[in-house]
Amino acid sequence: QVQPVESGGGLVQAGGSLRLSCVASGSISNPYAMGWYRQGSGRAREFVASITASGSTEYADSVRGRFTISRDNDKNTVSLQMNGLKTDDADVYYCKYKPGPTIHGFGFWGQGTQVTVSS
């Protein structure tokens, strides 16, 4: 079992930046992919960004160019640097740990961290 725990959420002004972090603990196995998803305002959970063990990244069209995902394998952490935040980015952000080479399929979820963007 793996338990991801997110941190770093908060309130920022539109155009500002925020950095989210997620640490995974438990029965970590390699390789693994990690990703960020968001959900709120009555919307379905949506993919934001992911990174594989090899360092390959993917981004949702809505965040590409503004968000950057990275990982630290020594600490089993993944970070999401969010720049140029928009009000539409406000959501609860969830971290996903996924054993294997891609983020696709069943994984382990954190409980989320709230991101609020003020205008």
Side-chain angles (χ1 to χ4, degrees):
Q1 301 296 314
V2 175
Q3 177 62 61
V5 178
E6 305 94 337
S7 63
L11 189 153
V12 296
Q13 288 187 309
S17 298
L18 199 63
R19 186 176 180 87
L20 307 182
S21 295
C22 171
V23 58
S25 62
S27 301
I28 304 297
S29 62
N30 292 296
Y32 64 88
M34 297 189 76
W36 289 95
Y37 297 71
R38 62 190 183 188
Q39 184 176 19
S41 302
R43 293 181 284 108
R45 186 170 298 186
E46 65 176 351
F47 170 80
V48 176
S50 67
I51 185 167
T52 69
S54 64
S56 298
T57 58
E58 296 287 346
Y59 296 94
D61 290 341
S62 59
V63 307
R64 186 176 295 108
R66 299 186 297 119
F67 292 7
T68 302
I69 189 170
S70 61
R71 63 190 284 165
D72 185 337
N73 292 329
D74 291 336
K75 300 179 180 178
N76 295 322
T77 60
V78 62
S79 297
L80 186 68
Q81 179 65 47
M82 304 184 293
N83 298 327
L85 283 163
K86 305 175 181 179
T87 55
D88 287 348
D89 296 320
D91 259 322
V92 178
Y93 283 70
Y94 297 89
C95 175
K96 178 184 179 182
Y97 167 95
K98 170 63 171 60
T102 74
I103 197 66
H104 306 123
F106 175 80
F108 299 89
W109 296 91
Q111 67 180 26
T113 185
Q114 177 72 56
V115 172
T116 303
V117 183
S118 63
S119 60

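The structure presented is a predicted model; accordingly, all values stated were derived computationally and were not measured.
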Show the nearest heavy-atom pair for residues [X] and [Y], with the distance to one decimal.
| X | Y | value |
| --- | --- | --- |
| P99 | F106 | CD-O, 4.5 Å |
| I103 | M34 | CD1-C, 3.5 Å |
| A53 | R71 | N-NH1, 3.2 Å |
| G10 | L18 | N-CD2, 3.7 Å |
| L85 | R66 | CA-NH1, 3.9 Å |
| V48 | Y93 | CG2-CE2, 4.2 Å |

Distance from [X] atom [atom1] to [Y] atom [atom2], nearest 0.5 Å?
| X | Y | atom1 | atom2 | value |
| --- | --- | --- | --- | --- |
| L80 | C22 | CG | SG | 10.5 Å |
| H104 | K96 | NE2 | NZ | 8.0 Å |
| D91 | T116 | CG | OG1 | 9.5 Å |
| T52 | K98 | OG1 | NZ | 11.5 Å |
| T113 | R38 | OG1 | CZ | 14.0 Å |
| I28 | Q1 | CD1 | CD | 11.0 Å |

So which of V5, V78, L20 actually passes side-chain contact (heavy atoms from CB on, under 4.5 Å) with C95? V78

Any link between [X] and [Y] through a network of hydrophobic side chains (Ile, Leu, Val, Met, Phe, Trp, Tyr) touching at under 4.5 Å?
| X | Y | value |
| --- | --- | --- |
| Y94 | I51 | no |
| F108 | V23 | no |
| F47 | V63 | no |

Side chains of [X] and [Y], heavy atoms from C-beta outward: is any pair under 4.5 Å?
| X | Y | answer |
| --- | --- | --- |
| M82 | W36 | no |
| S62 | F67 | no |
| K75 | S21 | no |
| S70 | Q81 | no |

Lys/Arg-Asp/Glu bridge criterion (N-O < 4.0 Å) met for D61, R64: yes

With distance as the sole test, does [X] use its side chain to make a donor-acceptor pair with the main-chain N or O of [Y] at under 3.5 Å?
| X | Y | result |
| --- | --- | --- |
| D72 | T77 | no |
| Y59 | I69 | yes |
| Q3 | S25 | no |

Within a radius of less than 6.0 Å around [atom1] of [X], do more than 12 heavy atoms belonging to other residues, nucleotides or ligands occur?
| X | atom1 | answer |
| --- | --- | --- |
| E46 | CD | yes |
| Q111 | CD | no |
| E58 | CD | no |

Any donor-acceptor pair under 3.5 Å linking the side-chain atoms of Y32 with those of N76? yes

